[in-house]
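This report concerns only the one structure given below.
In what follows, chains carry the letters A, B, and so on, assigned in the order in which the sequence lines appear, proteins first and then strands, with residues in each chain numbered from 1. From a predicted model like this one, the values you see are computed outputs, not experimental measurements.
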Protein chains: 2
Amino acid sequence: MTTSVSTSTTTPRDRRRRETIAEILDAAWELARTEGIASLSLRQLAKRVGMRAPSLYSYFDSKHAIYDAMFRQGQEQLAEHMADVSEKRPVTRESLKAGVRLWFEFCLASPVRYQLMFQRSVPGFEPSPESYSLAQARLADAGRVLLDAGVTDPAALDLWTALLTGLTSQQISNDPTGDRWARLLDESVDMFLDHVGALPTQTGDAP
Amino acid sequence: MTTSVSTSTTTPRDRRRRETIAEILDAAWELARTEGIASLSLRQLAKRVGMRAPSLYSYFDSKHAIYDAMFRQGQEQLAEHMADVSEKRPVTRESLKAGVRLWFEFCLASPVRYQLMFQRSVPGFEPSPESYSLAQARLADAGRVLLDAGVTDPAALDLWTALLTGLTSQQISNDPTGDRWARLLDESVDMFLDHVGALPTQTGDAP
DNA sequence: CATGAGTTCCTAACGATGTTAGGAACTTAG
DNA sequence: CTAAGTTCCTAACATCGTTAGGAACTCATG
């Protein structure tokens, strides 16, 4: 309950605090990258930022909260990564493929991030409602793109996400560094669109 | 190095031992079902079979070895579950759909088992080479079925497994008890076969 | 400047985890 | 009967997330 109504929460102390939080999260990602996302230990993390484990509790309520913050970062990064393509209209076969390729790129760029965000690889963890709503919004975006492509059947949407998540996790667990996935992605998109009869590859303009 | 060359390892003691091992594994599955596959604790497991934790080490070298034994059990159960359909020739669109439905049934019957076998949901665990080879054999079976259906392109095989694993994990995490997946499965199989041009739905017998 | 609140850090500790050491009681083979 | 092998135990170690309680610091107000 400080009386800081004047400057909008940018006191010199708050700045330092935000820097420390960022530093902790950076270290957490690095540690997750080397030890595995589920093997993040507070003592190791604290050591990496020059602290003891209990001091982390000045910045996060629990280990869970750290995972949650990482989850949010991931969602923000995803939104940024997809910004260009997610609003482009009209939707064409090519723009859809480009979007899918961007999504794949994002997932492959950091398998650990992918595991945290989409694979529920951390045993006790599920994102808080606020963080999860971010994810829902992103998913709604993807759904809207497909809707604008003329795909309306809910079952088809299920099929679409199943196809993409299947391809992604298969690629990540089998061949994270391979680069021959682009063709498979395009083929999948074609298969799906042909099946549901959307965005025909022939120029389908009515005269 | 006992001199038991006569009776093929069926001494009254070995029997008791095998019973105990089975009992431990049963309790492990039950515990995994209630606590989550990754939250299996040796002390809880021991309590459930009327022991203390260290006594489990007379039967398994480590917690990892218990997971490995569970993995093997899962593979054996899968083989048994799929036995009817995996050898049926010639492969038809219907038999393929039946096989896929069996697979789905198996996965949904025990989400915990699915997570252990296919989702790598236990942080430190990966199956031993011997156990893994079992899984490889099962996978080869599935591949052979597809090959006999006329699907030879390796990329198409990737697409097939991606589609199925995507559908499975999506179903399990979103709606484990729902029963409207059968239609989606059939639709997926049709989409795939149409795309690769195998097993045409018209009676394709040459006159 | 001085005082008091708020923050950031620490050490010590609790209960839980997987695992090892060492020993007692039992089963079995010679 | 005796010696080996097994099955169980308690005690303990290092690790984990987390809490309690206190020392040192920053900072706004008298």
5' precedence on DNA chain C between B:Leu42 and A:Pro54 (nearest-nucleotide basis)
A:Pro54

Within the structure, does a side-chain N or O atom of A:Arg13 lie under 4.0 Å from either OP1 or OP2 of C:dT8?
yes

How many Å lie between CZ on A:Phe125 and C1' on D:dG17, as a whole number?
16 Å

Basic-acidic side-chain contact under 4.0 Å: B:Asp148, B:Lys88
no

May I ask you to say what B:Ser62 touches in the nucleic acid, namely base, sugar-phosphate or nothing, with a heavy-atom cut-off under 4.0 Å?
sugar-phosphate

note: B:Asp14, atom CG; D:dT6, atom P; distance rounded to Å ~ 9 Å

Looking only at side-chain N and O atoms, does A:Arg17 come under 4.0 Å of OP1 or OP2 in C:dT8?
yes

A:Asp141 bridged to A:Arg138 by N-O distance under 4.0 Å:
yes

A:Gln44 side chain N/O closer than 4.0 Å to the phosphate oxygens (OP1, OP2) of D:dT15?
no

Point-to-point distance, once rounded to the nearest 0.5 Å, from CZ of A:Arg113 to CZ of A:Phe71
12.5 Å

note: A:Leu31, atom CG; D:dC16, atom P; distance rounded to Å ~ 10 Å

Taking CZ from A:Phe60 and C1' from C:dT7, how many angstroms apart are they, rounded to a whole number?
16 Å

CZ of B:Arg52 versus P of C:dG22: gap in Å, rounded?
21 Å

Atom-pair distance (CZ on A:Arg18; C1' on C:dT7), nearest Å:
15 Å

Touch check for A:Leu56, heavy atoms < 4.0 angstrom, all strands: base, sugar-phosphate only, or nothing?
nothing

So, does A:Arg43 get its side chain near the phosphate of D:dT15, meaning an N or O under 4.0 Å from OP1 or OP2?
no

To the nearest 0.5 Å, tell me how far A:Arg17 CZ sits from A:Arg13 CZ.
10.0 Å

When rounded to whole Å, the NZ to P distance for the pair B:Lys63 and D:dC16 reads 15 Å

For the pair made of CG in B:Leu45 and P in C:dT17, what is the distance, rounded to whole Å?
12 Å

Ignoring backbone atoms, test whether A:Ser55 places a side-chain nitrogen or oxygen under 4.0 Å from the OP1 or OP2 oxygen of C:dT8.
no

With a 4.0 Å cut-off on heavy atoms, is B:Ile66 in touch with a base, just the backbone sugar-phosphate, or nothing at all?
nothing

Does this structure show an ion pair linking B:Arg48 with B:Glu30, if we count only N-O contacts that are shorter than 4.0 Å?
yes

On DNA chain D, more 5' by nearest nucleotide between A:Tyr57 and B:Met51 is B:Met51

